[in-house]
Student: 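Starting off with a structure, shown below.
The sequence lines fix the lettering, A, B, ..., with proteins before strands; numbering per chain opens at 1.
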Number of protein chains: 2
Amino acid sequence: MRAKIGQRNDHTFCGVEATLEVIGGKWKGVILYHLVPETLRFGELGKLMPKITQRMLTRQLRELEGDGLVHRKVYPVVPPRVEYSLTERGRTLAPLIMQLKNWGDAYLSKEQPGTGFDTETPGD
Amino acid sequence: MRAKIGQRNDHTFCGVEATLEVIGGKWKGVILYHLVPETLRFGELGKLMPKITQRMLTRQLRELEGDGLVHRKVYPVVPPRVEYSLTERGRTLAPLIMQLKNWGDAYLSKEQPGTGFDTETPGD
DNA sequence: CGGGATCCACGACGATACTG
DNA sequence: CAGTATCGTCGTGGATCCCG
């Protein structure tokens, strides 16, 4: 990941790899997924993903921002307030993200018929 | 990756993460992409991905097989012949893979101009 | 509240050599 | 041809502390 997406110094680099580099981070997909329906603050994202550390949330968010998928809006107020939302480019990923979720959902329901999976919707 | 997909010991595990774990390997997406149109031998896959090592190709293929996405057919002949193809479940990923490629393709073509910063709407 | 800085563990990934 | 074995690197991701 990182390191200039458009590098493609060999002909084998195709869109598949590019997209996976962009959303391939451990939390990238989920972050984008949560940002699809609504703008969220840093802390809100953290609550939606209890297992992620601030460090990772910050890093993944920064990378997504660097790739032009997420917009970071800082409110210069006393209690810091930072809102994250999808950019126009980020929104073009929405269908893909949803497909990711749908397929994974179906996959999970067939893979482990006893694990009790949840089919929760973000904020829709 | 690996480590039992359906493990999800916390409620934040959704389909998005599951799918990304399955196709999230460095070469998984590309391998699947190449297997969409046709069955391929081990060596053929290697030629399509010059940068991958045998070790990685084998490992990624094994993981995909373990996740039930790829079928491995071994011909017990003198010069070993092994063919890889998508399973039924693997085929259900085809649309997703293609979307991955299409989006990444478009993404790469737009990445060049400067920073790729989106035009923010100074509404509020 | 949002995040930077630092240190560290681990597993993915890679290079090379060997084999049935 | 299609792997396996071994070793090494390096980046990703995690824990913790500190800061404006």
Side-chain angles (χ1 to χ4, degrees), chain A residues 1-5 7 9-10 12-13 17 20-31 34-35 39-67 70-85, chain B residues 1-5 7 9-10 12-13 17 20-31 34-35 39-67 70-85:
Chain A
M1 267 59 97
R2 242 52 323 275
K4 259 307 98 258
I5 302 297
Q7 199 62 58
N9 29 20
D10 76 289
T12 62
F13 196 92
E17 288 173 88
L20 283 177
E21 286 198 26
V22 167
I23 66 177
K26 185 171 184 180
W27 306 93
K28 302 264 191 76
V30 196
I31 291 175
H34 286 307
L35 287 180
T39 293
L40 289 170
R41 295 182 56 181
F42 184 84
E44 292 175 325
L45 274 170
K47 282 170 191 163
L48 289 171
M49 295 175 283
K51 316 293 285 240
I52 197 175
T53 60
Q54 291 79 348
R55 167 183 161 78
M56 283 314 297
L57 184 51
T58 301
R59 284 182 54 165
Q60 303 279 298
L61 241 17
R62 287 282 194 280
E63 293 189 5
L64 289 172
E65 189 189 2
D67 286 331
V70 164
H71 175 63
R72 181 169 177 259
K73 185 167 187 179
V74 183
Y75 294 85
V77 292
V78 185
R81 179 188 184 89
V82 181
E83 286 182 354
Y84 291 93
S85 57
Chain B
M1 267 55 96
R2 237 58 308 287
K4 265 295 125 234
I5 303 298
Q7 199 60 61
N9 28 22
D10 75 290
T12 63
F13 197 93
E17 288 172 270
L20 284 177
E21 285 198 27
V22 168
I23 65 176
K26 186 172 183 179
W27 307 93
K28 302 263 191 77
V30 194
I31 291 175
H34 286 306
L35 288 180
T39 293
L40 290 170
R41 296 181 58 179
F42 183 83
E44 291 174 327
L45 274 170
K47 283 171 191 164
L48 289 172
M49 295 174 287
K51 315 293 285 242
I52 198 176
T53 59
Q54 291 82 345
R55 169 183 161 79
M56 283 315 297
L57 183 52
T58 301
R59 285 184 54 163
Q60 303 279 298
L61 241 17
R62 287 282 194 280
E63 294 189 4
L64 289 172
E65 187 188 2
D67 287 330
V70 164
H71 174 64
R72 180 167 178 263
K73 185 167 186 178
V74 183
Y75 293 84
V77 292
V78 185
R81 178 188 184 89
V82 181
E83 287 182 351
Y84 291 93
S85 57

Student: Where is the tightest heavy-atom contact between B:Leu35 and B:Tyr84, given as atom of each residue plus distance?
Tutor: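 Distance-wise, the nearest heavy atoms are CD2-O, 3.4 Å.
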Student: To the nearest 0.5 angstrom, please state how far the CG atom of B:Asp67 sits from the CD1 atom of B:Ile23.
Tutor: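 One gets 11.5 Å once the value is rounded to the nearest 0.5 Å.
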Student: Go through the structure and list residues passing side chain to side chain contact (heavy atoms under 4.5 Å, CB included) with B:Glu44, not counting sequence neighbours.
Tutor: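 Side chain to side chain contact (heavy atoms under 4.5 Å, CB included) check on B:Glu44 returns B:Leu40, B:Arg41.
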Student: Quick one: closest heavy-atom pair of B:Met49 and B:Leu57, and the distance?
Tutor: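 So the minimum-distance heavy-atom pair works out to CE-CD1, 4.0 Å.
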Student: Nearest heavy-atom pair of A:Ile52 and A:Trp27: which atoms, and what distance?
Tutor: CD1-CG, 3.4 Å
Student: Whole angstroms only, please: what is the NZ-C1' distance between A:Lys28 and D:dG11?
Tutor: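 Spelled out: NZ on A:Lys28 to C1' on D:dG11 is 13 Å.
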Student: Please determine which of B:Leu45, B:Leu61, B:Val74 meets the side chain to side chain contact (heavy atoms under 4.5 Å, CB included) test together with B:Val82.
Tutor: B:Val74
Student: What is the distance, to the nearest angstrom, from the CG atom on A:Leu64 to the P atom on C:dG3?
Tutor: 13 Å
Student: Tell me the interatomic distance from B:Leu48, atom CG, to D:dA2, atom P, rounded to whole angstroms.
Tutor: 13 Å
Student: Can you check the A:Glu63 CD to D:dG11 P distance for me, whole Å?
Tutor: 13 Å
Student: Can you check the B:Arg72 CZ to D:dT4 C1' distance for me, whole Å?
Tutor: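 Rounded to whole Å, this separation is 12 Å.
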Student: With a 4.0 Å cutoff (strictly under), does any side-chain N or O of B:Arg81 reach OP1 or OP2 of D:dA2?
Tutor: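 Checking D:dA2 against B:Arg81, no side-chain N or O comes under 4.0 Å of OP1 or OP2.
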Student: Without decimals, in angstroms, what is the distance between A:Leu61 CG and C:dC1 P?
Tutor: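 Taking atom P of C:dC1 as the reference, CG of A:Leu61 is at 17 Å.
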Student: For A:Lys73 and C:dG3, what is the distance between atoms NZ and P respectively, to the nearest whole Å?
Tutor: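 Distance check: A:Lys73 NZ to C:dG3 P gives 15 Å.
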Student: How would you summarise protein contacts on nucleotides 14-20 of chain C per nucleotide, using B for base, S for sugar-phosphate only and - for none, with heavy-atom distances below 4.0 Å?
Tutor: BB----B
Student: Give one of base, sugar-phosphate or nothing for A:Gln60, where a contact means two heavy atoms less than 4.0 Å apart.
Tutor: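 Contact class for A:Gln60: sugar-phosphate only.
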Student: Provide, to the nearest angstrom, the distance between the CZ atom belonging to A:Arg62 and the P atom belonging to D:dT12.
Tutor: 17 Å
Student: Taking OP1 and OP2 of D:dC1, is either one under 4.0 Å from a side-chain nitrogen or oxygen of B:Tyr84?
Tutor: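 It does not, given that no N or O in the side chain of B:Tyr84 lies less than 4.0 Å from OP1 or OP2 of D:dC1.
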Student: Taking the minimum atom-to-atom distance to the side chain of B:Arg41, which one of C:dG4, D:dA2, D:dT4 wins?
Tutor: D:dA2
Student: How close do B:Gly29 and A:Leu20 get, heavy atom to heavy atom, and via which atoms?
Tutor: CA-CD1, 3.8 Å
